[in-house]
Amino acid sequence: MTLQPRCEDVETAEGVALTVTGVAQVKIMTEKELLAVACEQFLGKNVQDIKNVVLQTLEGHLRSILGTLTVEQIYQDRDQFAKLVREVAAPDVGRMGIEILSFTIKDVYDKVDYLSSLGKTQTAVVQRDADIGVAEAERDAGIREAECKKEMLDVKFMADTKIADSKRAFELQKSAFSEEVNIKTAEAQLAYELQGAREQQKIRQEEIEIEIVQRKKQIAVEAQEILRVDKELIATVRRPAEAEAHRIQQIAEGEKVKQVLLAQAEAEKIRKIGEAEAAVIEAMGKAEAERMKLKAEAYQKYGDAAKMALVLETLPEIAAKIAAPLTKVDEIVILSGDNSKVTSEVNRLLAELPASVHALTGVDLTQIPLIKKATSAQV
């Protein structure tokens, strides 16, 4: 029997979906024990049914092996791939009394142009991860479909889970690749900008050096101009100014000497006047002292009678000074119902007069005989 097992969109180890078509030559074994096994498996079935069973077994192994190899291994070494499929499938079909005479790979192609563009690794890696789970589920379902439906469902569930994981891994890998691309792009842009900045810096450095040279030349010219102006100022301004300053200084020094001499003369004048005034004051003081001394000696000679006479001579003057304010008064009215009251007041004033004179002059009027007699009479 000639069979053509075909696996469409089966993911390889890298996740690339491939469609592989093979050609297998199989026959029923003629050994007695194996023939009995074949009879047990296929008795009552026609040739097409037998082909379907063997075909499904071969396709299952073909799928499983595709999931373990890379695209390069399958495409570049088809003989090794076919040999591996035959070696893996032979024990299973052998247990059904079927012998694989030959197995070859007829065709290999993909729908994502991976074979024409092996450099597109991103799509291959993501699709590989997603389709591996599907291939494993289909493989297990094909092998164990007759034995246990439950196992097939469990495997399918696991496959769906792996598909979801693969999708998540795809998104994560895609994000990682995008991030890497962005980083590389940013690094390239930064490198470009840095290089541009370096070039601008070099240009600016050259411009600065040119400006420095120009500035140095300008400074040299300005220095020469300053020297010229300085010499011109020295000749036209400084020298005449110094001569004028010297002249003014000489005049000022002469004026200063003049003022000093005048001040010294004035001071000498003041000193002479002061000495003269001091001599006059001293002479006047000596004369006054002599006069007072002579007056004291005269008073000493006169005795108490002379002193008393002097005091009595000055009493009218003292009374006039005391009564001076009363000269401005037109009239003095003493209110009293008793005429003797006025008399008593006058007497009292006269009685207090000796005490006041004694307090002012130190002379006791009560010791004068006349006044003493008058006072006693009054009392």
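Basis for what follows: all heavy atoms, side chains included, without hydrogens, waters or symmetry-related copies.
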Do [X] and [Y] sit in the same hydrophobic cluster, where Ile, Leu, Val, Met, Phe, Trp and Tyr count as joined when their side-chain heavy atoms come under 4.5 Å apart?
{"X": "I132", "Y": "L69", "value": "no"}
{"X": "V47", "Y": "I100", "value": "yes"}
{"X": "M29", "Y": "V54", "value": "no"}
{"X": "V37", "Y": "V53", "value": "no"}

Distance (rounded to the nearest 0.5 Å) between [X] [atom1] and [Y] [atom2]:
{"X": "M158", "Y": "I163", "atom1": "CE", "atom2": "CD1", "value": "12.5 Å"}
{"X": "M1", "Y": "I50", "atom1": "CE", "atom2": "CD1", "value": "5.5 Å"}
{"X": "E222", "Y": "I219", "atom1": "CD", "atom2": "CD1", "value": "7.0 Å"}
{"X": "E266", "Y": "I270", "atom1": "CD", "atom2": "CD1", "value": "4.5 Å"}
{"X": "K32", "Y": "L34", "atom1": "NZ", "atom2": "CG", "value": "12.5 Å"}
{"X": "Q205", "Y": "R198", "atom1": "CD", "atom2": "CZ", "value": "15.5 Å"}

Exercise for review: Check the side chains of R204 and Q201 for a donor-acceptor pair under 3.5 angstrom, ignoring hydrogens and angles.
Suggested key: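 No donor-acceptor contact under 3.5 Å links the two side chains.
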Check your understanding: Taking atom types as modelled, is there a side-chain donor on E255 or Q259 under 3.5 Å from an acceptor on the other?
Key -> yes
Exercise for review: Inspect the surroundings of CG in L227 and state if more than 12 heavy atoms from other residues, nucleotides or ligands are less than 6.0 Å away.
Suggested key: yes
Review point. Should the heavy atoms of other residues, nucleotides or ligands under 6.0 Å from NZ of K27 be counted, would the total exceed 12?
Key: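 Enclosed.
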Just wondering, do [Y] and [X] contact through their side chains at under 4.5 Å, heavy atoms?
{"X": "Q25", "Y": "V23", "result": "yes"}
{"X": "V26", "Y": "F103", "result": "no"}
{"X": "V10", "Y": "L62", "result": "no"}
{"X": "E209", "Y": "V213", "result": "no"}
{"X": "M96", "Y": "T57", "result": "yes"}
{"X": "I98", "Y": "I28", "result": "yes"}
{"X": "I212", "Y": "K216", "result": "yes"}
{"X": "R215", "Y": "Q218", "result": "yes"}

**Study point:** Stepwise side chain to side chain contact (heavy atoms under 4.5 Å, CB included) test for D110 and V71
**Key:** CA-CA 10 Å; D110 66 285; V71 176; over 6 Å; no
Flag, side chain of [X] to backbone of [Y], donor-acceptor distance under 3.5 Å:
{"X": "S102", "Y": "A24", "answer": "no"}
{"X": "E59", "Y": "R6", "answer": "yes"}
{"X": "N182", "Y": "S178", "answer": "yes"}

Point to revise | K174/E171 ion pair, N-O < 4.0 Å | key: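 Looking at K174 and E171, the cut-off is not met.
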Practice item. Could you pull out all residues at least two apart from Q48 that satisfy side-chain contact (heavy atoms from CB on, under 4.5 Å)? Key: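 Residues passing side-chain contact (heavy atoms from CB on, under 4.5 Å) with Q48: N46, K51, N52.
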Practice item. Apply salt bridge (Lys or Arg N to Asp or Glu O under 4.0 Å) to the pair D160 and K156, showing each step before the final yes or no. Key: CA-CA 6 Å; D160 293 339; K156 188 176 183 302; 3.5 Å; yes
Check your understanding: Can you list the steps and then say if Y192 with Q195 is a side chain to side chain contact (heavy atoms under 4.5 Å, CB included)?
Key -> CA-CA 5 Å; Y192 173 77; Q195 187 62 30; 5.8 Å; no
**Study point:** Stepwise salt bridge (Lys or Arg N to Asp or Glu O under 4.0 Å) check, E253 with K256
**Key:** CA-CA 5 Å; E253 288 180 355; K256 178 181 177 182; over 6 Å; no
Point to revise | Q264 vs E268, side-chain hydrogen bond (donor to acceptor under 3.5 Å, both in side chains): CA-CA, chis, key distance, verdict | key: CA-CA 6 Å; Q264 290 178 353; E268 184 65 20; over 6 Å; no
I need the minimum non-hydrogen distance between [X] and [Y], along with the two atoms involved.
{"X": "V108", "Y": "I105", "answer": "CG2-CG2, 3.5 Å"}
{"X": "A82", "Y": "T104", "answer": "CB-CA, 4.0 Å"}
{"X": "V88", "Y": "H61", "answer": "CG1-ND1, 3.3 Å"}

Exercise for review: Dump the intermediate steps for side chain to side chain contact (heavy atoms under 4.5 Å, CB included) on T30 and L35, then the final yes or no.
Suggested key: CA-CA 5 Å; T30 57; L35 182 59; 5.8 Å; no
**Study point:** Evaluation steps, side chain to side chain contact (heavy atoms under 4.5 Å, CB included), between D9 and T19
**Key:** CA-CA 5 Å; D9 297 331; T19 298; 3.7 Å; yes
